[in-house]
Amino acid sequence: MKIGKSLALVALLGATNLAAQDPAPTGPGDTVGVGVSRDPLFTKRDAWIAGGFVVGTIVLFPLDKYAARELQRPQTQANRFFRHQATNVRLITENAYWIGGGLYLVGRLSGNDQMADLGWHGTEAIAVGMGITTLGKVLAGRARPLVNIEDPTNFKFGRGLKQENYRSFPSGHTLTAFAAASAVTAETARWWPKQKWLIGTAMYGGATLVGLSRMYNNKHWASDVMMGAAIGTFAGRKVVRYHHSHPNNRIDRIILGANISPSVDGGMRLSLSLAPGR
């Protein structure tokens, strides 16, 4: 692996490894019987993680062109393993909403509150992060490397509103992968605290592959990937922390309190209460 790709990978893994080490919130009275966080929504640890991502993004800006060039070398692009894996992780990421929604529905149908919780909060984290990322894409108007691999500084305010090839910064696929990884790691760490290192490593490692696949496909610069990872990580962490420190919030009571039951025509019926608890 060349130095540019190595530095990009080290920077991304370094920041996300710190995020994966976040302690699980604990305490009495959780909605699924596991724990309510007494910690504030934003902590000093968050500042360190944010700082790591910012530094990583700044470090990668001068390396964007070099890393893009290396990944587009004919021998690298001809590697069937890299090409197939890039396609696989992209397809998984693009179906993240279906995966999260499926977990929620299966959890509701089976009476598994933890699974429903995981599906809903993971999906919400992706939606929150995507809103922030989409705004960034539109405003930054950065050209994708496929437009001109020699010009990673091609930004123009507002250009991303109408032109897809100028929505490079930050990476939406990377955001999705890291939001899901962060939410899953935070949720499962509450259930199985002794396994959080294993789960966190697997989830964040998979998310990192998504970011690298976007660079391999010439869709994003390394700094795009780093910023997408930052937004996704914070979206997942904050969504999970908020909902478990506010277990009676209206959104959770409506969504997680949904009732799925057989309908008269032999199908299934989903009912939501707009005024839960009354």
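Note that these values count all heavy atoms, side chains included, but never hydrogens, waters or copies made by symmetry.
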Report yes if some heavy atom in the side chain of [X] is under 4.5 Å from a heavy atom in the side chain of [Y]; otherwise report no.
| X | Y | result |
| --- | --- | --- |
| Trp191 | Ile199 | no |
| Ile49 | Arg237 | yes |
| Met226 | Phe53 | yes |

Determine yes or no for a side-chain-to-main-chain donor-acceptor pair under 3.5 angstrom, with [X] supplying the side chain and [Y] the backbone.
| X | Y | result |
| --- | --- | --- |
| Ser182 | Thr233 | yes |
| Thr76 | Leu71 | no |
| Ser213 | Val210 | yes |
| Trp221 | Thr153 | no |
| Lys137 | Arg167 | yes |
| Gln114 | Gly107 | no |
| Asn88 | His84 | yes |

Exercise for the section: For the pair Arg241 and Asp46, find out whether any cationic side-chain nitrogen is under 4.0 Å from an anionic carboxylate oxygen. Expected result: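 Looking at Arg241 and Asp46, the cut-off is not met.
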Handout entry: salt_bridge(Asp224, Lys219) N-O dist < 4.0 Å
Key =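 Between Lys219 and Asp224 there is no salt bridge, as every charged N stays at least 4.0 Å from the carboxylate O atoms.
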Practice task
Output, in order, the C-alpha distance, side-chain angles, deciding distance and verdict of side chain to side chain contact (heavy atoms under 4.5 Å, CB included) for Thr188 and Gln195.
Solution key: CA-CA 8 Å; Thr188 56; Gln195 305 299 323; over 6 Å; no
Exercise for the section: May I have the step-by-step check of side chain to side chain contact (heavy atoms under 4.5 Å, CB included) for Leu118 and Val184, ending in yes or no? Expected result: CA-CA 7 Å; Leu118 180 63; Val184 169; 3.8 Å; yes
Does the side chain of [X] pick up a donor-acceptor pair with the side chain of [Y] at under 3.5 Å?
| X | Y | answer |
| --- | --- | --- |
| Thr93 | Asn95 | no |
| Arg142 | Ser223 | yes |
| Arg159 | Asn154 | yes |

Do you know the tightest heavy-atom contact between [X] and [Y]?
| X | Y | value |
| --- | --- | --- |
| Ala183 | Gly122 | CB-CA, 3.8 Å |
| Gly236 | Ala125 | CA-CB, 3.6 Å |
| Pro152 | Asp64 | CB-CB, 3.8 Å |
| Ala96 | Ile126 | CB-CD1, 3.7 Å |
| Pro193 | Arg190 | CD-O, 4.2 Å |
| Ser171 | Arg214 | OG-CG, 4.1 Å |

Exercise for the section: Applying side chain to side chain contact (heavy atoms under 4.5 Å, CB included), run through Leu103 and Trp120 and close with a yes or a no. Expected result: CA-CA 8 Å; Leu103 285 173; Trp120 162 237; over 6 Å; no
Just verifying a value: how many Å separate [X] [atom1] and [Y] [atom2], rounded to the nearest 0.5 Å?
| X | Y | atom1 | atom2 | answer |
| --- | --- | --- | --- | --- |
| Leu139 | Leu135 | CG | CG | 4.5 Å |
| Glu187 | Trp192 | CD | CH2 | 10.5 Å |
| Asp117 | Tyr104 | CG | OH | 10.5 Å |
| Phe169 | Thr133 | CZ | OG1 | 9.5 Å |
| Met227 | Ser168 | CE | OG | 12.5 Å |
| Asp151 | Ile149 | CG | CD1 | 11.5 Å |

Handout entry: Intermediate values then yes/no, side chain to side chain contact (heavy atoms under 4.5 Å, CB included), Tyr216 and Gln77
Key = CA-CA 8 Å; Tyr216 178 83; Gln77 289 294 309; 3.5 Å; yes
Exercise for the section: Treating Ile, Leu, Val, Met, Phe, Trp and Tyr as nodes and any side-chain heavy-atom pair under 4.5 angstrom as an edge, say whether Tyr97 and Ile231 lie in one connected cluster. Expected result: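 They do share one cluster, since a chain of ILVMFWY contacts under 4.5 Å joins Tyr97 to Ile231.
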Exercise for the section: State yes or no: do Tyr166 and Met130 share one hydrophobic cluster built from I, L, V, M, F, W and Y residues joined by side-chain heavy-atom distances below 4.5 Å, directly or via other members? Expected result: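 Different clusters.
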Handout entry: Centroid-centroid distance, His244 to His121, less than 6.0 Å
Key =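 Yes, close enough.
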